[in-house]
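Not measured: the values here are computed from a predicted model. Every chain is numbered from 1, with letters handed out A, B, ... down the list of sequences.
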Number of protein chains: 2
Amino acid sequence: MTTTSPARTPAPRGRPRDPALEDRVFRAAIELFGQKGWAGFTIDGVAKAAGVGKASLYLRWNSKQQLLFDALGARASIDVSIDTGDIRSDLRHLGSQLLGMFWDDGGVTYMRLVVEGAVHSEFAEHRDRLTHPTIAAARQIVRRAAARGELPPGTSPAVVLDAILGATIMHVAVTPVELREAAREQSDEYLDELVDLILAGVRRAV
Amino acid sequence: MTTTSPARTPAPRGRPRDPALEDRVFRAAIELFGQKGWAGFTIDGVAKAAGVGKASLYLRWNSKQQLLFDALGARASIDVSIDTGDIRSDLRHLGSQLLGMFWDDGGVTYMRLVVEGAVHSEFAEHRDRLTHPTIAAARQIVRRAAARGELPPGTSPAVVLDAILGATIMHVAVTPVELREAAREQSDEYLDELVDLILAGVRRAV
């Protein structure tokens, strides 16, 4: 997570949305959640980290979950409507978005979503409303390829996506900090190897 | 993480180690870490959760990291010295240990190790001393198979293990709570599919 330059004029109460300010608030929200988790995440904390008055945040967000999930929707979501007509290029595009997101913050935001959901059940419900449609849409990528005849009919979208999502997050998680920059530069080669392995496996294993 | 029955007699100061008490302390330590993370993890908190006097814990552990890493070593480590002579059975055995561990606590302990290491750098150093030898040993499983001629010479141990470790943890993480028991019962089928896919992929993709 990186910091952004401050908005030129802080938006006073009742003014129309200021995209630069909103971006700053969203970045601060995601970073605070990564650092402190759900229990340590508060609207006041986000206001302080973003350097904005908390009154302006309360004007727009009634609850901390609304603020966090708006921030995640705006800044930590991936495009799963990929449909190039070629499964290799669809999966490369999906993997590349995931890997870029995970390199940016060490996969911490995603792992926090899992960890905090296991500990706080009301958080898990909010999270699942955000993530389940994404998972379902990602599985469609594999189903469409099977329908086109690019993959065998019995191909399991779940196993293919567990492997792509799981391998990319583990690749980032197990790379020692001092090797991270070098590994990030090799992202394309890693994805080539991973996607080719999964596709070759699916074509033979079914 | 499940609870255990209490030890019959709490060990007073200076007595020899009591395995039942130790087990109770280690379970409490891992569960507390999963719930509260590194910042919320304290020796006093473990004593309270385990229902033992904190003095007896301080007698044995000088620091909270020592206590946590002893607990992880005893209860959340996997056997990576697997060497059956057959790569499919080695990876099935490895995957089965991982999946069992992740089903027990939703993968929370492992994800906490990643998340807390990204947030607290001194924690990351302790963690890496525990996890790096395990990762290195696991990679040897793949290297030995390549040396035996079971896998092509250029096979990347990193990609194979990222995929096994990553897919198992994601499988657990994305399974909705209400489907978890049913999915857990299908663990063998899941591992068959995953390991066969990875092996078929490796044999073709190199």
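The contact between A:Ile169 and chain B is made entirely by side chain atoms (from C-beta outward), counting heavy-atom distances below 4.5 Å. For B:Leu194, the parts sitting under 4.5 Å from any heavy atom of chain A are the backbone and the side chain alike. In this structure, chain A has a heavy atom under 4.5 Å from the side chain of B:His132, while its backbone stays farther away.
For A:Phe123 and A:Phe69, the ring centers are positioned less than 6.0 Å apart.
Between the side chains of A:Trp38 and A:Glu122, at least one donor-acceptor pair of N or O atoms lies under 3.5 Å.
The shortest distance between side-chain heavy atoms of A:Arg203 and A:Leu199 falls below 4.5 Å.
For A:Arg127 (side chain) and A:Leu113 (main-chain N/O), a donor-acceptor pair under 3.5 Å exists by modelled atom type.
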